[in-house]
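This is a predicted model, so every value here is computed, not measured. Here is the naming used below: chain letters follow the sequence lines, and residue numbers restart at 1 for every chain.
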Amino acid sequence: MKVSLKWLKRYVDLDESPKELAASLTLLGFEVDDMETTGVPPLENVVVGEVLQRDQHPDADKLGVCRVDCGSEIGEKSIVCGASNYKVGDRVPVALPGAELPGGFKIKKSKLRGVPSDGMMCSGKEIGAGDDHAGLLILDKAPATGTPINQVLTDSDTVFNLEVTPNRPDCLSHIGIARELAAWYRRDVRYPDVNDVPAESNRAKGEGIFDSVTVEASEDCPLYIASVIKGVKVGPSPQWLKESLSAIGLRPINNVVDVTNFVMHECGNPMHAFDARDIAGGKICVRNAGEGEVMTTLDGEERKLSNRMVVIADDDKALAVAGVMGGQNSEVKDDTTDLVLEVAYFKPSTIRWVSKKLGLSTDSSYRFERGVDPLSLRYATERAVSLILETAGGALCSNGMTAGKEPVSQTDVEITPDWIRKKSGFEITDAEIREALELLDMSISVGNDDVWTVSIPSYRGDLYRPVDLLEEVLRIFGTDKIPGGQVRATTTTASDSPITEFVRKSSAFLVGQNFSESVTYTLRSAEEQTLWASHVSADELALLNPISEDQTQLRHSLLPGMLEVLHLNQSRKTGAYRFFETGRIFQELNGKIVEMVAVAFLECNGATGRTWKEKGYDDFYTAKQRVKTIASYAGIDLSKFKTRPVEENVSAWQEGHSSAYEEPKAGFFARMGLMNLSRIKEMDIQGEVLAGIFCYLPERLREPKRIKFKPFSLFPASSRDLALVVDKNEQAEEVVRAIGKIATKASKGFDVENVSVFDVYEGVGVPGDKKSIAVSMTFRALDRTLKDKEVNSAFDEIQKQVREKSPYGIRD
Amino acid sequence: MEEELKNIVASAKQKITAVTSRAGFEAIKAEITGPNGALTKVMKNMGAIPKEDRPTFGKLINQAKTQIQGFYDDVFSAIEQAELAARIGPAIDPSLPSPNAALGSQHPLTKVREEICSIFKQIGFTVTEGTEVETEYYCFDALNTPADHPARDLQDTFYLPDDAQFGNVSKKSDERYLLRTHTSSVQIRTMLKEKPPLRIISPGRCFRRDTVDATHSANFHQIEGLYIDEDVTVRDLKAVLDYFFERLLGKGTKTRFRPHFFPYTEPSFEVDFSSSHLAKLGSEWVEIAGCGMVEPAVFDSVGYDPEKYSGFAFGMGIERIAMILYGIDDIRYFYQNDARFLSQFA
C-alpha cells in the first residue's frame, strides 16, 4: 500500500527523515518495500544565497567566481560556478560544505582550477526540485538569504510502499498508519474535524431526489448509510486533492469521486457516490443478485452475477456490486447535480468470495474483505460529506438514511502484567506495559489480583486474546530490543528420522562412488511420463491446477529429470557423466498412489570425451551391487529376493540388460541396468546410460537394529566344485539357491559357508538350449578341521541329490 | 686343482652374470652345479686327493661353492625383479590425470540442509520428515489458516484432483490433497503423534504456484523448527535463533526481530540478520527467517493444553540461505545442475 508522508503529516507531527520513518515503520511491522521521494528532500546546509558579484575565473572561460551572501549567520562565501543563467542580485540555493545532495553527492571545500570554492550554487535538479539542469534555480519572491532551502521549497513528499499484513486492515489508510507512528513516537493523532457538516435540523429538503434504503441481505450488509447531497457542481478537484491522490498513484477524476477515494485512503472506508437521477424510484435496496443477473461495472466489463453476490439496486436494476465496484449506469457524471453517497459495512467473507468469483479486486474489495472498522462509518460519512460540500458545493439533505446497525460490540481482554513477563521471558515493567497499550488507544482498568481489563478499540478486530496483547506490548516496546540469552539445554530422547538417515547414508555412499548429486523438479510433463512410464495413465499423477503444460505431473521416477541433467551437461560439454539424486517419487500401489523415498544414480558410458587412457566403464553388475548397497541402508537384503526382468511395459529399460526387484508387499522396488537405448538416443544423449533406482515406502523405514555378533570358525575350510548344466534362461541366483539348499541338507555336522558361481559357459560340449554354471561350495566346521572323508561323502550326496531331485545335470 | 677351481668360479661368474632369463639361469646352473656340472665333477674327484690334502681342498671347494651361490642369488633376484617389472609395465607419469576424473559432490542445497540440521542437533533438535503430498487439514486448517485465506487459493497452491487417493498420506476427513506449501504440516503430524517436550526440525521440499524466475521456483526447500515445553518464552526463541545464525553466518552475526503476521504463531516475527562476514551484504539488515510463539489455536487442534505448554516455531528457505551463504544470484542454478556449478560444492 502506498502512503504519502505529506499526507501523513496532516494527522501527526513527523519531523524525522524519510529514512528514519521507514526504519520505524519496519519495526512496527510494516515492511517498506520501497520508497520514493519527490520534490526537495530534507537537506541540511542548503540555504538561500544572493549573488553579490561575479568575476571571471582567471584560468577558465566558462567559470565565474562569485561572492554570495548567505545571510547574516553564515556570511559571504566565495563560490566558483559554471552556470551562465544568473545575474548579480539573483537568489539561488547554495549548498555549503557538509551538505549531502540527493544521490549522495557530498559538498566539500574545494578548488576549481586553482580558485577556492566554499560550496556550490545549485540547479533545480541537483536539489531534487524538478528536472531542470540547464542552469541555477533562480528563486522567485526573493526569500531571505540564509533561509534553509526546505523552508522555501516546501513541496516535497516521500511515498512509502508498505506491506500491510492481513491482520491489520485498520492500517490500510493514512490515519491508520499515522496512529501507528504516533504510538511509536509517543505523539498525538489529529483527526480531521467535521464540524462544518450541518446539523440534522439545518439540512436542506431533499424530497423527490431520494426516498429510502432497505437492506434485504442484512447478514452480508449489517449497516448501510446513504447521504443525499443536492446541487453539487461536478468539476476538477482542487490542487491539494489532485496532488494527494496522484502521490499514491491514483488518477484524479472529478471532485466528487476524488473525495470518495481520498476519504477511503484517509480513513480506510470504501464509499461510493451515485448520481441520484439514475436511481429509479428513489429507492436503494441492498439485496442478493439474481442468478445470472447482468450488470456493467465502472471498468466497462459486463459482469454475470450469481445469487450469492450482493448488489446495490434500485427498483429496476443493480447499480453496484456491493463492496466491489459501482455500475456504469449510475456513476457520477459531469452534469450530475444530486448525489447519493454510500458508506457501508459488508461482511468480509462475502466480499472476498465475490471478488474472487468475479476475478475483480479493487481498493474497495481489498478493504472490505479484510474488515473495515465497524464503528467508523458515521465519521467517514461526515468527513466525505464535508469535503464534498467544500469542493463541489451543494447542500446536505435531511433525508439521508441509515439501515441496520454497527455489527460488533465492545471487546475486552484480561491480562496480568506477570503473564506478559512470563511469556516474554525478560523484564518489562508494569509501566512499560501500560504505556504500550495506552499508546495504542486501549484503556485499562485494574481489578483484583492485578488483573487488567483492557478495552480494545473498534478498529482492532485482530485483538481478542491475551497473546494478541503480548504482541502489541512487544511491538511498542521494540521487537529489536528483545534480549537473547542462553539456549535452554533440556534433553529429548529422540533421534533423527530413519528416512533422513537412510538418505544420508545413500548419499554419502554415492558421493564416495564419485557421483554428483543433482536436484530436479518434482513436477514433470505428461509427455515425459508417457515416454518413460507408458504403463502409468496420463491422468494418474496429474495435478488439478498445474501452472504450465510442462509441469502437470508428479514425478514417477527420479531418472527422467536426471537424464535432462545429463543432457544439459553433455550439450554444455562439462564432461560430467555421473549423477545421483534422492527425493520423493509417486507410484501406484494396490490401486492407490503412494509417495516413496527414492535414491537413483546414473552414469553415461562412452561419449564422455577423449581421454589419454581408456576409461574403465561400469557394467550392469556394478550397478546391481550399488543398488544392493543402497537397499541395505534401508535394512533390506536384496539377495533374499528374486530379481526378474523389468516388466515389458516399463519402457525405460533396455531388454536383456536390465533387471528389477518388484516387492510391493515388502514396500519397495528397485530397477537397474541399461536404460532404453532408443529413448536415450531420442533424447539426444550420446552413449549408453547405466542406471539404478531404489524406492521404499517411507513409513516402513525403521531405525536400524543393533548388530549382534555371531562367532565364526577359526578352522580351515574345504571346498568342492560342481559344474552344472542348466536351462539357458535359468538365473544363476536360482541355481545357487537350489544348490545351497541341497548342500546344507547333505552337510551333517558342519556348515556350508558359501556357494558361489565361478564360471558361466555356453558353447561346445553343452547342448544349444543349455548353459553350464560352475559353482564352488565352501564347507567349514565351527569346532574342528574337516576330514576329507566327511566332505567327500557330503559331496557325493550332493551330486546324487542334484541328479535325482533337481532339474539340473552335472557336467563331467 | 686350486687353479681349476679358480677357473670354474671365474667362468661361472662370467656366464651367470650374462643370464637374463629364468630358463637361461637354470641351464647355466646345471652346467656348474648340476649333476654333471663342472664344480660337481671336481667334487666327485675328491677321492683322488691325498688324504692329508683333503681338508685344504675341502675348504677351497666350499669357498668356490659359496662364491658361486653368491652369483646365483644376485642374478636370481635381478631376474625376479625384472619379471615383476615386466608384469607392471614401464614407469608411469604421475602427473597424468585419471581417465575417470568424476568427483563426487553433494548438492549445495543438501550441504546447507545438513549444516543447519547439525547446528540444531547440538542443541537437541532432531530431524523429522513428512510427505510432500499433504491434505488441506494438515497444511492449513490445523495451522489456524482460515478456509478463505488467499494462500489456499487454486492460484497459489497446487491441488490434486478430488478423486485422487493416496495410500500413505492420511486425511482428517474428506479434505483435498495438495502439495504442501510449507513443512509446518510435519509439525502438526508430529504433535498429534507425540507428547511434549518436543524439539524437532523438519527440512523438506515445498511447492507454491509460482512462475519460475531468478528468485522463484515451483518447488523449493524449507526447514522449520518447533520447540514445545513448559514455560517457553519469546526470549528463548531469540536465544535459539541468535545461536543458530551466529553458528551459520559467523561470529558477530546480529539478528533482530520485526513484528509480522503468520496465522500459526502469535506473536509473529520476521528475522533480519546483519553480518560482516558476507561482504556483499555489508551492514544492512537482511531478511532471513520467520518465527513466532505457537498460536494457541494450533495447540487446540493437536490437543495440547495451551495453559500448560508453550513453544515456538521458526522457518526459513534453504535456497535463500544457500544463496546468501555462497553468493548465488539465481535460484535456477540449483535446478539446472550444471557440473560447473555442482563441482564448486564438492
Below 4.5 Å from any heavy atom of chain B, which atoms of [X] appear? Answer side chain, backbone, both or neither.
X	result
A/Leu543	both
A/Arg578	side chain
A/Phe515	backbone
A/Glu369	neither
A/Asn167	both
A/Phe580	side chain
A/Arg504	side chain
A/Ala542	backbone
A/Ser507	side chain
A/Asp468	both
A/Lys356	side chain
A/Pro498	neither
A/Leu28	backbone
A/Ile499	both

Going through the checks in order, is the side chain to side chain contact (heavy atoms under 4.5 Å, CB included) test met by A/Glu699 and B/Val169?
CA-CA 10 Å; A/Glu699 64 271 24; B/Val169 184; over 6 Å; no

Short side-chain to backbone donor-acceptor contact, A/Thr165 and B/His260, under 3.5 Å:
no

Show, in sequence, the C-alpha distance, side-chain angles and deciding distance for B/Arg258 and A/Asp480, and conclude whether the salt bridge (Lys or Arg N to Asp or Glu O under 4.0 Å) test is met.
CA-CA 7 Å; B/Arg258 263 188 296 117; A/Asp480 58 332; over 6 Å; no

Name the region of [X], side chain, backbone, both or neither, that has any atom closer than 4.5 Å to a heavy atom of chain A.
X	answer
B/Leu179	side chain
B/Leu342	side chain
B/Ser268	both

Could you point out which residue of B/Asp156, B/Leu154, B/Asp153, B/Leu178 forms a side chain to side chain contact (heavy atoms under 4.5 Å, CB included) with A/Asn545?
B/Leu154

Minimum heavy-atom separation for [X] to [Y], with atom names?
X	Y	result
A/Gln551	B/Ala218	OE1-CB, 3.6 Å
B/Pro267	A/Val467	CD-O, 4.4 Å
A/Glu595	B/Val133	OE1-N, 2.9 Å

I'd like to know if the side chain of B/Glu129 pairs up with that of A/Ser497 as donor and acceptor (distance under 3.5 Å, no hydrogens or angles considered).
no

If only side-chain N and O atoms count, and only distance matters, is there a donor-acceptor pair under 3.5 Å linking A/Ser495 with B/Thr126?
no

Working to the nearest 0.5 angstrom, can you tell me the gap between [X] [atom1] and [Y] [atom2]?
X	Y	atom1	atom2	answer
B/Ile92	A/Lys613	CD1	NZ	10.5 Å
B/Ser118	A/Asp496	OG	CG	10.0 Å
B/Leu160	A/Leu554	CG	CG	5.5 Å

Describe, in one word, how the ring planes of B/Phe166 and A/Phe586 are oriented to each other, choosing from parallel (under 30°), tilted (30 to 60°) and perpendicular (over 60°).
perpendicular

Report yes if some heavy atom in the side chain of [X] is under 4.5 Å from a heavy atom in the side chain of [Y]; otherwise report no.
X	Y	value
B/Glu270	A/Glu31	yes
B/Phe269	A/Leu474	yes
B/Asp338	A/Arg572	yes
A/Leu544	B/Tyr177	no
A/Pro466	B/Glu266	no

Decide if atom NZ of B/Lys193 counts as having more than 12 heavy atoms of other residues, nucleotides or ligands within a radius under 6.0 Å.
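No, not enclosed.
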
Below 4.0 angstrom, N of the basic side chain to O of the carboxylate: do B/Asp229 and A/Arg488 qualify?
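No, this pair does not count.
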
Dump the intermediate steps for side chain to side chain contact (heavy atoms under 4.5 Å, CB included) on B/Leu96 and A/Trp612, then the final yes or no.
CA-CA 8 Å; B/Leu96 279 167; A/Trp612 67 274; 3.5 Å; yes

As a quick check of understanding, evaluate side chain to side chain donor-acceptor pair (under 3.5 Å) for B/Arg205 and A/Thr522, giving each step before the final call.
CA-CA 9 Å; B/Arg205 181 168 283 202; A/Thr522 294; 2.7 Å; yes

